[in-house]
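A quick write-up on the structure given underneath.
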Number of protein chains: 2
Amino acid sequence: MNNFTDTLRAHQLKATPQRLTIMHIINGYGHINIDKLYEEVKKKFTSVSLATIYKNINAMTQNLLLSEVKIPNGKSVYEIVKEDHSHMVCTKCKNIVDIKVDTASIVDEVSSSYNFQVDTSELVLSGVCEKCHS
Amino acid sequence: MNNFTDTLRAHQLKATPQRLTIMHIINGYGHINIDKLYEEVKKKFTSVSLATIYKNINAMTQNLLLSEVKIPNGKSVYEIVKEDHSHMVCTKCKNIVDIKVDTASIVDEVSSSYNFQVDTSELVLSGVCEKCHS
DNA sequence: CTAAATGCAAAGCATTTGCAAATAT
DNA sequence: ATATTTGCAAATGCTTTGCATTTAG
């Protein structure tokens with residue numbers, strides 16, 4: 001499954017070369033911010049406009065193909081929507097890693113204790129990754 | 001303990017009337033975004049500048065008196081630094097509530113499974129609060 | 001063929017900066 | 001008395017918009 005053309009169409013978006021490139025880049029990086037994405041897309045489409053990047057990121061996010069992750073003390077990054085997961089940010093190398101955490105128990109606990117119907121949960125851990133650990 | 005003058009000084013910040021007002025307002029709201037804060041401070045200091053709000057929020061955040069909470073699909077809010085806690089955002093009334101959640105177990109789990117030294121964790125739950133639940 | 005997407009330039013917000021005057025300590 | 005803070009205006013930066021042209025389906 002690496003057919004971004006179909007993925008885009010399944011989300012009511014035309015599969016333009018710019019969009020396919022965006023998908024390919026995000027898929028490769030896992031997570032990427034707007035500036036870096038623009039820089040990378042330009043390598044392939046010298047004349048791509050930053051406005052096109054924004055328009056596409058917005059359209060793809062609204063159509064639930066991408067999701068935004070807000071990073072503490074950092075710029076937002078975008079990723080391809082996939083099964084629920086959390087994030088870990090290394091404060092030294094700034095790398096972001098997906099992690100699988102059981103948030104279900106927490107969500108249950110909160111739902112009952114606070115009488116709050118939880119729909120989504122965002123968990124971001126910050127610290128130092130193995131590589132950067134001195 | 002509601003002596004904001006001392007609190008400010010303890011954080012190497014002069015206790016100006018504008019800052020005392022900011023502290024008072026944030027303390028009252030619990031969480032507030034820049035625009036709303038500006039609006040509220042203006043009620044007391046008609047001529048306060050938005051630049052002053054930004055400068056102070058930045059200084060107070062850097063000096064660990066305030067902390068920023070990034071809200072999914074919303075503007076950042078600021079709160080007075082206190083013991084570790086998480087947040088719950090109602091997608092209907094946009095209200096934000098502090099919640100006490102045991103994230104320690106999760107942090108431990110992740111620290112060992114991923115060999116990652118976790119320093120801080122940010123958890124934001126979104127859903128519908130009791131009042132807004134139809 | 002038609003609706004949607006692109007690229008450009010301009011517009012619109014958000015945030016920061018520089019500086020003279022005012023203020024906290 | 002001095003270093004910091006304030007308020008203003010200008011500058012910078014980020015994101016969106018309008019529109020003519022191009023392109024996907």
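Residue numbers start from 1 in every chain, and the chains themselves are labelled A, B, ... in the order their sequence lines are given, proteins ahead of strands.
- D:dC14 atom C1' lies 13 Å from atom CD of A:Glu68, rounded to whole Å.
- For B:Leu50, the listed nucleotide lying nearest its side chain is C:dT15; candidates were C:dT17, C:dT15, D:dT17.
- Side-chain atoms of A:Arg19 never come within 3.5 Å of backbone atoms of A:Leu8 as a donor-acceptor pair (strictly under, hydrogens ignored).
- Proximity of B:Asn58 to the phosphate of C:dT16: a side-chain N or O atom is located under 4.0 Å from OP1 or OP2.
- At a threshold of 4.0 Å, the pair A:Lys82-A:Asp98 counts as salt-bridged, since one of the basic side-chain nitrogens sits closer than that to a carboxylate oxygen.
- Rounded to a whole Å, the OH atom of B:Tyr54 is 16 Å from the P atom of D:dT6.
- Note: CG (A:Asn33) to C1' (D:dC14) measures 13 Å, nearest angstrom.
- Between B:Gln18 and the phosphate of C:dT23, there is no side-chain N or O to OP1/OP2 separation shorter than 4.0 Å.
- Between the CZ atom of B:Arg9 and the C1' atom of C:dT25 there is a distance of 7 Å, rounded to whole Å.
- Across all strands, A:Thr16 comes closer than 4.0 Å only to sugar-phosphate atoms, never to a base (heavy-atom distances).
- Rounding to whole angstrom units, CG of residue A:Leu20 and C1' of C:dT6 are separated by 14 Å.
- The number of heavy-atom neighbours closer than 6.0 Å to CG of A:Asn73, taken from other residues, nucleotides and ligands shown, is 12 or below.
- If you check distances only, the side chain of A:Lys55 does reach the base of D:dG18 with a donor-acceptor pair under 3.5 Å.
- For the pair B:Lys42 and B:Tyr38, the cation sits on the ring face: its NZ or CZ lies under 6.0 Å from the ring centre, inside 45° of the axis.
- Counting only heavy atoms from C-beta on, B:Lys14 has its side chain closest to C:dT25 among D:dT6, C:dT25, C:dT16.
- If you check the side chains of B:His87 and B:Glu79, you find a donor sitting under 3.5 Å from an acceptor.
- Across all strands shown, A:Ala15 has heavy atoms under 4.0 Å from sugar-phosphate atoms exclusively, and none from any base.
- As rounded to whole Å, 13 Å separates atom P of C:dT15 from atom OH of B:Tyr38.
- Between C:dG7 and A:Thr52, a contact under 4.0 Å exists linking OP1 or OP2 to a side-chain N or O.
- Considering only side-chain atoms of A:Ser49, the nucleotide from C:dG7, D:dT17, D:dA24 that sits closest is C:dG7.
- Taking atom CG of A:Asn56 as the reference point, atom C1' of C:dG7 lies 12 Å away to the nearest angstrom.
- Between A:Ile53 atom CD1 and D:dT17 atom P there is a gap of 17 Å when expressed in whole angstrom units.
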